[in-house]
Number of protein chains: 2
Amino acid sequence: MSGALSETGEASDDALIAPAFTCGLDATLRIISGKWKPLILYFLLRGPNRYGELKRAVRDVSDKVLIQQLKELDADGVLLRTDYKEVPPRVDYTLTPLGRSLAQALEPLCAWGTENMAEMQRIFAERDAWQRPRPARPK
Amino acid sequence: MSGALSETGEASDDALIAPAFTCGLDATLRIISGKWKPLILYFLLRGPNRYGELKRAVRDVSDKVLIQQLKELDADGVLLRTDYKEVPPRVDYTLTPLGRSLAQALEPLCAWGTENMAEMQRIFAERDAWQRPRPARPK
DNA sequence: CAGTATCCAACAAGATACTG
DNA sequence: CAGTATCTTGTTGGATACTG
């Protein structure tokens, strides 16, 4: 993915990590890439959340995938999992300071989507029109 | 992906597109999802670019994928492809106003990555440590 | 230079079933 | 409630070769 190595061997003194681009954007992208991660982060901005709440908020996500993405976000230090070790189980997820700042950086994207909602509708409608009209009979 | 259909058949009057979340974030995500799209957009913010420049800027991307993502961004109305119909061929890509505003909304993410560069290094190093040490000799 | 055309591998994600 | 364990699928993306 990132060829962090510059075997041309002389231009790597101006950047510490793979200078895949002129800014930190790709570093950020590696953290938030995952279908539901931005949504999870943004949702957690409102406060700590139990697993079930999260799952209801991020609709259409399966347990498997949600847990998986939560684990990765945890491992990356943007959120914290707290298991209260009660019965019935209670677990909640909270943003770390790092995670909070990341989630805040997502706000402009959210705002953009909201402001351009009309445009978005048009775009998605057009996309669906081009996607082969697979009737997609939902069973 | 988006189950925009509510076959329960009555709750779809309060939202025009799938209200997958409480804000426009997921709409935005559907535009910029694609491994290189955010990078492309952000790069184009500096001005129009010819195909070759883009390809050099977004390193490690193949022609196939680059073209594919450019086409999608074009179809979505965030950028414009201009073919000058010369020989040798000259084509350039420019952001539309919509695309420009989107690219600008990416700036905080870029800044976040830059500000937390040290953290990012740590994270990626740790990730690589856990990924099974598949030598992955690149070439 | 700016692509197109195939073919293929990888991984993310979904369905389903089961558990402490 | 909050997961885990498999299995399967589908979409992305990449390698390679070729073209106007």
Side-chain angles (χ1 to χ4, degrees), chain A residues 1-3 20 26 29-40 48-75 79-94 127-128 130-132 134 136 138-139, chain B residues 1-3 20 26 29-40 48-74 79-94 127 130-132 134-139:
Chain A
M1 201 163 269
S2 85
D26 59 334
L29 293 172
R30 286 213 264 282
I31 301 288
I32 61 174
S33 70
K35 190 168 177 184
W36 310 100
K37 284 183 187 176
L39 258 23
I40 292 168
N49 278 278
R50 297 186 54 172
Y51 178 80
E53 299 179 81
L54 231 39
K55 174 152 191 197
R56 270 184 298 281
V58 182
R59 291 183 303 188
D60 304 324
V61 70
S62 67
D63 284 314
K64 184 204 139 194
V65 173
L66 180 54
I67 287 292
Q68 182 182 292
Q69 309 223 336
L70 285 169
K71 271 185 180 157
E72 289 171 11
L73 291 170
D74 186 8
L79 63 76
L80 204 64
R81 193 190 102 115
T82 309
D83 185 343
Y84 294 93
K85 293 175 195 301
E86 301 172 351
V87 281
R90 183 162 67 102
V91 172
D92 66 24
Y93 294 87
T94 322
R127 276 193 191 181
D128 291 348
W130 280 124
Q131 269 171 62
R132 114 192 23 145
R134 180 185 351 177
K139 181 183 315 181
Chain B
M1 212 154 274
S2 85
D26 58 335
L29 292 173
R30 287 213 263 282
I31 301 288
I32 61 174
S33 69
K35 190 167 175 182
W36 310 99
K37 285 183 186 174
L39 258 23
I40 292 168
N49 278 277
R50 298 187 54 172
Y51 177 81
E53 299 179 83
L54 231 41
K55 174 151 191 199
R56 271 185 297 282
V58 183
R59 292 184 302 190
D60 304 325
V61 71
S62 67
D63 284 314
K64 184 205 140 194
V65 172
L66 181 54
I67 287 292
Q68 181 182 292
Q69 311 225 334
L70 286 169
K71 271 185 180 157
E72 289 171 10
L73 291 170
D74 186 9
L79 62 77
L80 204 64
R81 194 191 101 116
T82 308
D83 185 343
Y84 294 93
K85 294 176 194 298
E86 301 173 348
V87 279
R90 183 161 66 103
V91 172
D92 66 25
Y93 295 87
T94 323
R127 276 194 191 179
W130 279 124
Q131 270 171 63
R132 120 191 13 150
R134 183 190 342 181
R137 276 250 161 276
K139 174 194 325 192

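Every chain is numbered from 1, with letters handed out A, B, ... down the list of sequences.
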*By nearest nucleotide on DNA chain C, pick out whichever of B:Y93 and A:G34 is the more 5' one.*
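That would be B:Y93.
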Give the rounded distance in Å between these two atoms: [atom1] of [X] and [atom2] of [N].
| X | N | atom1 | atom2 | answer |
| --- | --- | --- | --- | --- |
| A:K55 | C:dA13 | NZ | C1' | 13 Å |
| B:R30 | D:dT12 | CZ | P | 13 Å |
| A:D63 | C:dA13 | CG | P | 15 Å |
| A:N49 | D:dG3 | CG | P | 13 Å |
| B:R56 | C:dC1 | CZ | C1' | 10 Å |
| A:K35 | D:dT11 | NZ | C1' | 10 Å |
| A:W36 | C:dC11 | CH2 | P | 21 Å |
| A:K71 | D:dA5 | NZ | P | 7 Å |

*DNA chain D-proximal residues of residues 81-89 of chain A, any heavy atom under 4.0 Å*: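 The answer is A:R81, A:P89.
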*How is the base pairing of DNA chain D summarised as a dot-bracket string, given the Watson-Crick and G-U wobble criteria with both distances under 3.5 Å, [ ] for crossing and | for another strand?*
||||||||||||||||||||
*Please determine if a side-chain N or O atom of B:R50 lies less than 4.0 Å away from the OP1 or OP2 oxygen of C:dA2.*
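B:R50 to C:dA2 OP1/OP2: side-chain N or O found under 4.0 Å.
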*Does B:Y51 place a side-chain N or O at less than 4.0 Å from the phosphate oxygens OP1/OP2 of C:dT4?*
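No, no such contact exists.
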Just to be sure I understand the rule, does [X] reach a base, reach only the sugar-phosphate, or reach nothing, if contact means heavy atoms closer than 4.0 Å?
| X | answer |
| --- | --- |
| A:E53 | nothing |
| A:K37 | nothing |
| B:Q69 | sugar-phosphate |

*asked:* Determine whether A:L70 and A:R81 satisfy the following criterion, side chain to side chain contact (heavy atoms under 4.5 Å, CB included), listing intermediate values before the conclusion.
replied: CA-CA 8 Å; A:L70 285 169; A:R81 193 190 102 115; over 6 Å; no
*Closest heavy-atom pair and its distance - B:I32, B:K37*: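 Nearest heavy atoms, B:I32 then B:K37: O-CB, 3.7 Å.
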Partners meeting side chain to side chain donor-acceptor pair (under 3.5 Å) with [X] (sequence neighbours left out):
| X | answer |
| --- | --- |
| B:D74 | none |
| B:Q68 | none |
| B:Y51 | B:D63 |
| B:D92 | B:Y84 |

*Residues two or more places apart in sequence or in another chain: which of them pass side chain to side chain contact (heavy atoms under 4.5 Å, CB included) with B:S33?*
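Applying side chain to side chain contact (heavy atoms under 4.5 Å, CB included) to B:S33 gives none.
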*Could you tell me which residues satisfy side chain to side chain contact (heavy atoms under 4.5 Å, CB included) with A:S62, sequence neighbours excluded, listed by chain and number?*
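For A:S62 the side chain to side chain contact (heavy atoms under 4.5 Å, CB included) partners, ignoring immediate neighbours, are A:K64, A:V65.
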*Assess whether side chain to side chain contact (heavy atoms under 4.5 Å, CB included) is satisfied between B:W36 and B:D60, documenting all intermediate values.*
CA-CA 10 Å; B:W36 310 99; B:D60 304 325; 4.3 Å; yes
_Nucleotide of C:dG3, D:dG13, D:dA2 approaching B:I67 most closely (side-chain heavy atoms)_ =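 From the listed options, C:dG3 comes nearest.
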*Does the side chain to side chain contact (heavy atoms under 4.5 Å, CB included) test come out yes or no for A:L54 and A:V61, once each step is laid out?*
CA-CA 10 Å; A:L54 231 39; A:V61 70; over 6 Å; no
*Apply salt bridge (Lys or Arg N to Asp or Glu O under 4.0 Å) to B:R56 and list each qualifying residue two or more places apart in sequence or on a separate chain.*
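Per chain and number, B:R56 pairs via salt bridge (Lys or Arg N to Asp or Glu O under 4.0 Å) with no residue.
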*Mind checking salt bridge (Lys or Arg N to Asp or Glu O under 4.0 Å) for A:E53 and listing every partner two or more places apart, or none if nothing turns up?*
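If we apply the salt bridge (Lys or Arg N to Asp or Glu O under 4.0 Å) test to A:E53, skipping adjacent residues, there are no hits.
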Can you check nucleotides 6-9 of chain D for protein contacts, nitrogen or oxygen pairs under 3.5 Å, and list what you find?
none

